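Report on the following structure.
Below, all heavy atoms of this structure are taken into account, side chains as well, without hydrogens, waters or symmetry copies. Lettering follows sequence order; numbering is per chain, from 1. Model, not experiment: these values are computed from the prediction.
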There are 2 protein chains.
Amino acid sequence: MRRKLEAAGIRPTPQRLAIAKLLFTGDKHVTADQVYDHVRSKKLNVSRATVYNTLNLFTERGLLREVYLDSTRAFFDTNLRPHFHLFYVDSGELVDVEDDELTGFFVGRLPQGVRFQDLDVVVRVYREEGSAK
Amino acid sequence: MRRKLEAAGIRPTPQRLAIAKLLFTGDKHVTADQVYDHVRSKKLNVSRATVYNTLNLFTERGLLREVYLDSTRAFFDTNLRPHFHLFYVDSGELVDVEDDELTGFFVGRLPQGVRFQDLDVVVRVYREEGSAK
DNA sequence: GTTCATGCAAAGGATTTGCAAGTTA
DNA sequence: TAACTTGCAAATCCTTTGCATGAAC
């Protein structure tokens, strides 16, 4: 973990390591508040300002991506591979669907002279009646 | 315009009509603030609260869709046809690209038992060097 | 010893709310 | 008249900032 931060040119302070440990264990979608609560529950002294600083720094350095799900809060996504999001409107769950054709679909539809940077897809869905979770 | 609101079960007050007139003339992407400034410039007495109330009401009744472009403000989109968004990161422009295959692409990729509700796509792009605007 | 990071509290910006007064059907 | 809308100001939520203290190289 320490290595990962150093590789990104980030000083591995205890706060950053704690946040990195939470984030970079499997794919995660988190809000700043969830991160704050988590590190607090570990009895770590971390301020909200530091949580925001850290999430923004990680994002800047390419370790995270921000996802805009709704206008009330920002989500950070640790999955950097091409994928889209399934947002279950009933349960609030957010699930990744990886797809190799995703980027190509849109790149193939860009006007002349326009370069692709990145892509956000949120598909709002719900479970059919009687469908098991 | 009056008809459109009534059809959606919305009382056509002067404030709502003014906002509707701005919105439903061609496809638009607007923020609450842009709406507020616009109606103000028309010398109409409209409060911010009413702008927000109205935009939320229109959205609820299916006359608008909210687009989440970044976490600093909400955009409202009057284009209800299947389309995705091209966001020019350099100029801040937001452009619609209509596409009949869009919905199908994602519906075909949903897991068993999951029903499609709707879809948001933002493709962040920029213009190539030397490419004319 | 600098430079960088942290924590706190205050500031900021967007949006919502409570409520009294005014409108609409 | 009864139900709904408006405007105002205050409140709320999330996020950022300023700055003094403390840690890292």
Side-chain angles (χ1 to χ4, degrees), chain A residues 1-3 5-22 29-61 63-77 92, chain B residues 1-22 29-40 42-61 63-77 92:
Chain A
M1 202 55 32
R2 176 169 243 103
R3 291 294 160 74
L5 298 191
E6 283 165 351
I10 296 171
R11 266 196 208 172
T13 68
Q15 290 86 342
R16 289 170 176 173
L17 279 168
I19 294 174
K21 198 169 353 171
L22 162 64
H29 306 99
V30 296
T31 63
D33 238 51
Q34 289 168 353
V35 172
Y36 180 76
D37 289 346
H38 175 89
V39 289
R40 285 263 148 177
S41 77
K42 299 279 180 199
K43 307 268 181 278
L44 254 148
N45 225 57
V46 180
S47 66
R48 259 176 227 286
T50 297
V51 169
Y52 280 103
N53 284 341
T54 302
L55 290 173
N56 288 336
L57 179 65
F58 285 5
T59 302
E60 226 167 73
R61 298 299 164 83
L63 303 179
L64 288 179
R65 275 175 52 80
E66 211 171 336
V67 188
Y68 309 109
L69 247 200
D70 65 43
S71 39
T72 66
R73 64 226 148 135
F75 281 80
F76 293 87
D77 188 352
Chain B
M1 203 53 33
R2 176 169 241 102
R3 290 295 159 75
K4 179 164 186 150
L5 297 191
E6 283 165 351
I10 296 172
R11 267 196 206 172
T13 68
Q15 291 86 342
R16 288 170 177 173
L17 280 168
I19 294 173
K21 199 171 348 174
L22 162 64
H29 304 100
V30 297
T31 63
D33 238 51
Q34 289 168 354
V35 173
Y36 180 76
D37 288 347
H38 176 88
V39 289
R40 285 262 149 177
K42 300 277 180 202
K43 307 265 182 279
L44 255 147
N45 225 55
V46 180
S47 66
R48 277 204 156 71
T50 297
V51 170
Y52 280 104
N53 284 342
T54 302
L55 291 172
N56 289 336
L57 179 65
F58 287 5
T59 303
E60 227 168 72
R61 298 298 165 84
L63 303 180
L64 288 179
R65 276 175 52 80
E66 210 173 335
V67 188
Y68 309 109
L69 249 199
D70 65 43
S71 36
T72 67
R73 64 226 149 137
F75 282 81
F76 293 87
D77 188 352

ask   = Rounding to a whole Å, what distance do you find between Asn45(A):CG and dA5(C):P?
value = 18 Å

First encountered from the 5' end of DNA chain C, between Ala32(B) and Arg11(B) = Ala32(B)

request  = Measure the distance from CZ on Arg73(A) to P on dT15(C) and round it to the nearest whole Å.
outcome  = 15 Å

ask   = Where the side chain of Arg48(B) meets the backbone of Tyr36(B), is there a donor-acceptor pair that is under 3.5 Å apart?
value = no

ask   = Any side-chain N or O of Gln15(B) less than 4.0 Å from the OP1 or OP2 oxygen of dT23(C)?
value = no

ask   = At under 4.0 Å between heavy atoms, what does Asn56(A) touch on the DNA or RNA strands: base, sugar-phosphate, or nothing?
value = sugar-phosphate

inquiry  = Can you measure Gln34(B) atom CD to dT15(C) atom P for me and round it to whole angstrom units?
reply    = 11 Å

key: Side-chain N,O (Arg16(B)) to OP1/OP2 (dT5(D)) below 4.0 Å   = yes

task = For Ser71(A), report the nucleic acid contact type (base, sugar-phosphate, nothing); a contact means any heavy atom under 4.0 Å.
result = nothing

Contact nearer the 5' end of DNA chain D, comparing Asp33(A) with Ile10(B) = Ile10(B)

task = Would you please say whether a donor-acceptor pair under 3.5 Å links the side chains of Asp70(A) and Thr72(A)?
result = yes

query = What are the two closest non-hydrogen atoms of Val51(B) and Ile19(B), and how far apart are they?
reply = CA-CD1, 4.2 Å

query = With a 4.0 Å cut-off on heavy atoms, is Thr72(A) in touch with a base, just the backbone sugar-phosphate, or nothing at all?
reply = sugar-phosphate

remark   = Separation between CD (Glu60(A)) and CD (Glu66(A)), nearest 0.5 Å, reads 11.5 Å

inquiry  = In whole Å, I'd like the distance from the CG atom of Asn53(B) to the P atom of dG18(C).
reply    = 12 Å

request  = Check Leu44(B) against Ala18(B) and note the closest heavy-atom contact, atom names and distance.
outcome  = CD1-CB, 3.4 Å

inquiry  = So, does Tyr52(A) get its side chain near the phosphate of dT16(D), meaning an N or O under 4.0 Å from OP1 or OP2?
reply    = no

inquiry  = dG7(D), OP1 or OP2 - any side-chain N/O from Thr50(B) closer than 4.0 Å?
reply    = yes

Candidates dC8(C), dC14(D), dA25(C) - which lies nearest the side chain of Pro12(B) = dA25(C)

ask   = Taking the side chain of Ala49(A) as its heavy atoms from C-beta onward, which of dT15(C), dT5(D), dG7(C) lies nearest to it?
value = dG7(C)

